[in-house]
**Student:** 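Handing you a structure now.
Please read these numbers as outputs of a predicted model, since none were measured by experiment.
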Amino acid sequence: MEPSFWHEKWQLQQIGFHQQQVNPFLVKYWSQLDLAEQSDVFVPLCGKSLDMCYLAEQRHRVLGCELNPLAVEHFFIDNDLAYQVEQCGEHCLYRAGEVHIYQGDIFTLPQDLTKTIGGFYDRAALIAWPEAMRQQYAVALAQLIPANVTGLLITLDYPQDSLQGPPFAVSPDWIQAHLAPYFYVELLECVDVLADNPRFVNKQVPWLNEAVYKLTRK
């Protein structure tokens, strides 16, 4: 999973992971975090997700991080937002209104940039990594989230040997083993979404669970 993998996906527009609507779990459960308006919300590996528009509509300031510059540019262009760009260390900062996206490697994102966040939201980051890199990402995420800050994590789980990721399968046991040391973990809901995902159906994946967790940094 070198950076070139994701750059090629965006260049070829092979972005099946991009959802054409706001994630239903985000809409259903975001209010449970009880964040104050104007809170900064961190969105790792944000792509051009419409979920950022939803968070901005809740009167939050969105702080995204995305590796690919094309994804960042498309977010602002697709949403008719005039944006500004400035260099910020190793990263480029794209900003328009309440959405600020740091384009670059999340593993080198300075912790100072997220020290004032009030919440976070991960729909596509954790499931984007194969096992070894996912463990590295879990540590990096914990380092970027201040104590007592809460967020939503959305995962997919399925028999990994039935389909080559991404998205990769993340089981409840994996969450307990690798995130529970850093976060208080609460499962909010888990549903089988196989019927809504033709790619998995066509590959004869027997089941596909989508889960949403509330995480609170210890």
**Student:** Side-chain donor-acceptor pairs under 3.5 Å in residues 130-138, sequence neighbours left out?
**Tutor:**
unit_1 : atom_1 : unit_2 : atom_2 : d
Glu131 : OE1    : Arg134 : NH1    : 2.9
Glu131 : OE1    : Trp174 : NE1    : 3.0
Glu131 : OE2    : Gln135 : NE2    : 2.6
Glu131 : OE2    : Trp174 : NE1    : 3.0
Arg134 : NE     : Trp129 : O      : 3.3
Arg134 : NH2    : Trp129 : O      : 3.1
Tyr137 : OH     : Asp122 : OD2    : 2.7

**Student:** Among Leu215, Leu153, Thr216, which one satisfies side chain to side chain contact (heavy atoms under 4.5 Å, CB included) with Val185?
**Tutor:**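 Exactly one candidate clears the test, Leu215.
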**Student:** Please determine whether a side-chain nitrogen of the Lys or Arg among Glu66 and Lys48 lies less than 4.0 Å from a carboxylate oxygen of the Asp or Glu.
**Tutor:**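 Salt bridge: no.
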**Student:** Under 3.5 Å, side chain of Asn197 to main-chain N/O of Arg199, donor-acceptor pair present?
**Tutor:**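 The answer is no, because no donor-acceptor pair under 3.5 Å joins these two groups.
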**Student:** Determine whether Phe76 and Tyr83 satisfy the following criterion, ring pair (Phe, Tyr, Trp, His ring centres under 6.0 Å), listing intermediate values before the conclusion.
**Tutor:** CA-CA 7 Å; Phe76 292 106; Tyr83 61 91; 5.2 Å; yes
**Student:** Quick one: closest heavy-atom pair of Ala211 and Leu187, and the distance?
**Tutor:**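 It is CB-CD1, 4.0 Å.
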**Student:** Within a strict 4.5 Å, meaning less than it, do heavy atoms of the Asp40 and His60 side chains meet?
**Tutor:**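 Not in contact.
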**Student:** Taking atom CD of Gln87 as the centre, report whether more than 12 heavy atoms of other residues, nucleotides or ligands fall under 6.0 Å from it.
**Tutor:**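 Yes, enclosed.
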**Student:** Which heavy atom in Leu163 sits nearest to a heavy atom in Val205, and how many Å separate them?
**Tutor:**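 Nearest pair, atom of Leu163 first, then Val205: CB-CG2, 4.1 Å.
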**Student:** If I compare all heavy atoms of Arg95 with all of His100, which pair ends up nearest, and what's the gap?
**Tutor:**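 Taking every non-hydrogen atom into account, CB-CD2, 3.5 Å.
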**Student:** Minimum heavy-atom separation for Ser39 to Gly118, with atom names?
**Tutor:**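 Closest pair (atom of Ser39, atom of Gly118, distance): CB-CA, 4.4 Å.
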**Student:** Please examine the side chains of Glu210 and Leu208, heavy atoms only from C-beta on, and report whether any two atoms are closer than 4.5 Å.
**Tutor:**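 When only atoms from C-beta onward are counted, Glu210 and Leu208 do not touch, as no gap falls below 4.5 Å.
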**Student:** Would Arg59 and Glu98 pass as an ion pair if we require N to O under 4.0 Å?
**Tutor:**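 Between Glu98 and Arg59 there is no salt bridge, as every charged N stays at least 4.0 Å from the carboxylate O atoms.
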**Student:** Regarding Gln103 and Tyr94, is there a side-chain donor-to-acceptor distance under 3.5 Å anywhere?
**Tutor:**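 There is no such pair (donor and acceptor under 3.5 Å, judged by atom type) between the side chains of Gln103 and Tyr94.
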**Student:** Measure the CZ-OG1 distance between Phe120 and Thr150 for me, rounded to the nearest 0.5 Å.
**Tutor:**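 Atom-to-atom, Phe120:CZ and Thr150:OG1 are 7.0 Å apart.
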**Student:** If we only count heavy atoms from C-beta on, is the Gln32 to Leu188 side-chain gap below 4.5 Å?
**Tutor:**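 The answer is yes; the side chains approach within 4.5 Å.
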**Student:** Using 0.5 Å steps for rounding, measure from the NZ atom of Lys203 to the OG atom of Ser162.
**Tutor:**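 Lys203 atom NZ to Ser162 atom OG measures 10.5 Å (nearest 0.5 Å).
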**Student:** Are Leu126 and Leu141 side-chain neighbours, meaning at least one heavy-atom pair lies under 4.5 Å?
**Tutor:**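 Answer no - side chains too far apart.
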**Student:** Write down the atom of Glu189, the atom of Lys28, and the distance for their closest heavy-atom approach.
**Tutor:**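 Reported closest heavy-atom pair: OE1-NZ, 2.8 Å.
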**Student:** Tell me if the CD atom of Gln204 is crowded by more than 12 foreign heavy atoms within 6.0 Å.
**Tutor:**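 No, CD of Gln204 has 12 or fewer neighbouring heavy atoms, counting only those of other groups under 6.0 Å.
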**Student:** Give me the one residue out of Val41, Leu144, Ile145 that meets side chain to side chain contact (heavy atoms under 4.5 Å, CB included) with Ile117.
**Tutor:**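 By the side chain to side chain contact (heavy atoms under 4.5 Å, CB included) criterion, Ile117 pairs with just one of Val41, Leu144, Ile145: Ile145.
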**Student:** Should Ile106 and Leu45 count as side-chain neighbours, where that means a heavy-atom distance under 4.5 Å?
**Tutor:**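 Counting from C-beta outward, Ile106 and Leu45 do come under 4.5 Å.
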**Student:** So do Leu33 and Leu152 actually touch side chain to side chain, heavy atoms under 4.5 Å?
**Tutor:**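 Yes, at least one pair of side-chain atoms sits under 4.5 Å.
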**Student:** To the nearest 0.5 Å, how far apart are CE in Met52 and CZ in Arg123?
**Tutor:**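 Answer for the CE-CZ pair, Met52 versus Arg123, is 10.5 Å.
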**Student:** Under 3.5 Å, is there a donor-acceptor pair between the Ser171 and Asp157 side chains?
**Tutor:**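 Looking only at side-chain atoms, Asp157 and Ser171 do not form any donor-acceptor pair under 3.5 Å.
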**Student:** If you define the side chain from C-beta out and look only at heavy atoms, does anything of Cys65 sit under 4.5 Å from Phe42?
**Tutor:**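 Of all side-chain heavy-atom pairs linking Phe42 with Cys65, at least one is under 4.5 Å.
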**Student:** Return the OH to SG distance between Tyr102 and Cys92, rounded to the nearest 0.5 Å.
**Tutor:**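 The OH atom of Tyr102 sits 11.5 Å away from the SG atom of Cys92.
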**Student:** According to a 4.5 Å side-chain heavy-atom criterion applied to Ile, Leu, Val, Met, Phe, Trp and Tyr, with indirect links allowed, do Tyr184 and Tyr182 form part of one hydrophobic cluster?
**Tutor:**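 No, because Tyr184 and Tyr182 fall into different hydrophobic clusters, even though each may have its own neighbours under 4.5 Å.
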**Student:** Which distance, rounded to the nearest 0.5 Å, do you find between the CG of Asn209 and the CG of Asp192?
**Tutor:**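 The distance works out to 5.5 Å.
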**Student:** Suppose the criterion is ring-ring contact (aromatic ring centres under 6.0 Å, His included): which pairs have a residue in residues 196-218, not counting sequence neighbours?
**Tutor:**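 As it turns out, the ring-ring contact (aromatic ring centres under 6.0 Å, His included) pairs with a partner in residues 196-218, which skip direct neighbours, are Tyr158-Phe200.
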**Student:** How close do Cys46 and Ile101 get, counting heavy atoms only, and between which atoms?
**Tutor:**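 Minimum heavy-atom contact is SG-CG2, 3.8 Å.
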**Student:** Using atom types as modelled and distance alone, determine if a side-chain donor or acceptor of Asp51 lies under 3.5 Å from a backbone N or O of Asn23.
**Tutor:**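 Between the backbone of Asn23 and the side chain of Asp51 there is a qualifying donor-acceptor contact (under 3.5 Å).
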**Student:** Where the side chain of Gln176 meets the backbone of Pro172, is there a donor-acceptor pair that is under 3.5 Å apart?
**Tutor:**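 It does not hold such a pair.
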**Student:** Applying a strict under-4.5 Å side-chain criterion to I, L, V, M, F, W and Y, I'd like to know whether Val139 and Ile175 cluster together.
**Tutor:**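 Yes.
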**Student:** Output the distance between atom NE2 (His74) and atom CG (Asn68), rounded to the nearest 0.5 Å.
**Tutor:**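 So the gap between those two atoms works out to 9.0 Å.
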**Student:** Ignoring hydrogens and geometry, is there a side-chain-to-backbone donor-acceptor pair from Asn79 to Leu81 under 3.5 Å?
**Tutor:**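 Here the side-chain-to-backbone pair does not exist.
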**Student:** Would the number of heavy atoms belonging to other residues, nucleotides or ligands and lying under 6.0 Å from NZ of Lys218 be above 12?
**Tutor:**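 Yes, the 6.0 Å shell around NZ holds more than 12 heavy atoms from other groups.
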